[in-house]
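One structure is given below, encoded as structure tokens.
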Amino acid sequence: MKNSILKILHKTLENYVSEDEITSQFNISRTELRDHIQTLRDDGYFIEYSPKQGYRLLKTTNLYLPCELQKDLKTDYIGHEIHYFNEVDSTNNVAKELAKDGAVEGTIVIAESQSMGRGRRGKKWISPEGGIWMSIILRPKINPAKAPQLTLVTGVAVAETLKNECGLDVGIKWPNDILVGEKKVCGILTEAQATTKKVEYLIVGIGIDLNVDVKLFPPKLREGATSLKNELEKEIHSAELIQKFLLNFENRYNEFKEDKFPEILKQWRMFSKTIGSYVEVHKRGRTVKGEAVGINKDGILILELEDGSLEKVVSGECIHVKK
Ligand code: BTN
């Protein structure tokens, strides 16, 4: 009901719709209508009330409101269900709860800011207003061992979106950092709920530093980070960029489900800034150093160590270093 009311308000954006018109259309009482309006306001919508004229939704172009995101969305199922928040602890946490309660594949959680955004390896992820903080709930029928591949699939979808829409020199640092030049602009955190045999659900969390001022980041992070605003020297309209990303993501994810991961890897290789670089990978108290010479069919990084031997790296924190 709340979404149907929102649709009417959105159609008449910035113009009033009378209480009578809405209540008679949905056969609800004025009290019920007021309750729905209050819930929409709690969700972050700016809805004005005039006793004589009724309700109107104010223009909200730079917020990630579901109606803004769904208006021109071209996907078949990704983003058809959106849970929007002004602030949450972490969109991945909210998505997990929704997934436990049975949320459908393609459901999205998006927030203007996160108070406890999480990065990989238990790191904090700074998430002020202006960034895209979003999680997608997925239920692929795959062998759980393939779940980490989804991080690479998502990386390709982000990279192609930023390259095509913003014309930037976008690259991927293994396994999941999206870079502009040498600086990180996006991180991906994939979390799975699975047994050894079956994936119950996967949460893909995507954090893009969009209209964020990196000068406000702590000095340690500032050096290696950038935002689209910093790179383009202007703010970009986020709803459009998210719509394009969701479509790219859906296409890549469908390919992944059709066992076309090798095709996606070809694109990953084209975006890769890691292959051909000298790297250090830190994994559980051990550091391996060498030249990244390739990525195998399962998404595992291959390093050539100084003694000429090859080492497969399944996971770890990868740093590009000068030889
Ligand atoms: C990383 O590079 O370390 C991964 C960062 C992932 C951040 C995103 S923002 C949306 C989602 N919610 C979270 O708490 N984390 C992910």
Side-chain angles (χ1 to χ4, degrees), residues 64 69 78-79 82-99 103 107-138 147-159 161-162 170-180 182-193 201-212 214 217-218 220-228 238 241-242 245-246 249 268 271-274 279 281-283 299 301 315-320:
Y64 307 124
L69 296 181
I78 299 285
I82 298 181
H83 294 256
Y84 165 83
F85 299 88
N86 191 31
E87 181 170 274
V88 288
D89 55 354
S90 149
T91 55
N92 268 32
N93 293 353
V94 177
K96 264 187 214 166
E97 291 306 314
L98 290 168
T107 300
I108 280 178
V109 178
I110 190 158
E112 302 292 338
S113 63
Q114 301 184 112
S115 53
M116 284 182 9
R118 294 188 286 110
R120 290 174 74 230
R121 318 196 153 263
K123 284 190 186 156
K124 191 175 155 100
W125 182 262
I126 298 183
S127 324
E129 273 180 25
I132 297 176
W133 321 123
M134 170 168 75
S135 303
I136 310 177
I137 298 172
L138 301 168
Q149 296 177 355
L150 206 62
T151 298
L152 306 184
V153 174
T154 309
V156 168
V158 174
T161 308
L162 300 187
V170 182
I172 304 179
K173 177 161 81 82
W174 183 87
N176 72 334
D177 290 354
I178 310 301
L179 310 178
V180 174
E182 285 301 316
K183 293 189 167 186
K184 179 163 173 173
V185 77
C186 165
I188 298 160
L189 177 68
T190 305
E191 297 181 297
Q193 178 63 40
Y201 60 81
L202 283 171
I203 309 292
V204 179
I206 301 130
I208 305 180
D209 289 318
L210 182 80
N211 297 319
V212 165
V214 272
F217 283 7
K220 233 176 132 187
L221 284 181
R222 212 183 296 157
E223 282 163 31
T226 188
S227 70
L228 295 179
S238 34
L241 192 77
I242 294 172
F245 164 70
L246 293 178
F249 177 81
W268 190 93
F271 279 115
S272 173
K273 294 217 169 173
T274 300
V279 300
V281 184
H282 303 282
K283 43 182 206 174
L301 190 69
S315 67
E317 183 169 3
C318 168
I319 301 171
H320 292 177

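Please read these numbers as outputs of a predicted model, since none were measured by experiment. Note that ligands are numbered from 1 as they come in the structure, with each ligand's atoms numbered from 1 the same way.
- Checked against a 3.5 angstrom limit, the closest N/O atoms of Ser90 and ligand 1 fall inside it.
- Not a single heavy atom of Arg121 sits under 4.0 Å from any atom of ligand 1.
- No heavy atom of Lys123 sits closer than 4.0 Å to any atom of ligand 1.
- In summary, the side chains of Ser113 and Glu87 do present a donor paired with an acceptor at a separation below 3.5 Å, with no hydrogens or angles considered.
- With sequence neighbours excluded, the residues forming a ring-ring contact (aromatic ring centres under 6.0 Å, His included) with Phe245 are Phe249, listed by chain and number.
- Atoms of ligand 1 lying under 4.0 Å from any heavy atom of Ile188, numbered from 1 in the order shown and given with element: 2 (O), 4 (C).
- Listed by chain and residue number, Val180, Lys183, Val185, Asn230, Glu231 satisfy the side chain to side chain contact (heavy atoms under 4.5 Å, CB included) test with Thr226 (two or more places apart in sequence, or in another chain).
- Atoms of ligand 1 found under 4.0 Å from any heavy atom of Met134 (numbered from 1 in listed order, with element): 10 (C).
- Rounding to the nearest 0.5 angstrom, the gap separating the CG atom in Leu246 from the OG1 atom in Thr161 is 8.5 Å.
- Interface of Gly117 with ligand 1, defined as ligand atoms under 4.0 Å from a residue heavy atom, comprises 14 (O).
- Here the side chains of Lys123 and Leu221 are not in contact, with every heavy-atom distance at 4.5 Å or above.
- Scanning Glu317, Arg118, Arg120 for the heavy atom closest to atom 7 (C) of ligand 1 points to Arg118.
- In the vicinity of Thr91, heavy-atom distances shorter than 4.0 Å reach the ligand 1 atoms 10 (C), 11 (C), 12 (N).
- Atom CD1 in Ile110 sits 5.5 Å away from atom CE in Met134 (nearest 0.5 Å).
- Atom 12 (N) of ligand 1 has Gln114 OE1, 2.9 Å as its closest protein atom, hydrogens excluded (heavy atom only).
- For Lys283, the NZ atom counts as densely surrounded, since its 6.0 Å shell holds more than 12 non-hydrogen atoms of other residues, nucleotides or ligands.
- When hydrogens are left out, the protein atom nearest atom 5 (C) of ligand 1 is Trp125 CE3, 3.4 Å; that is the closest non-hydrogen contact.
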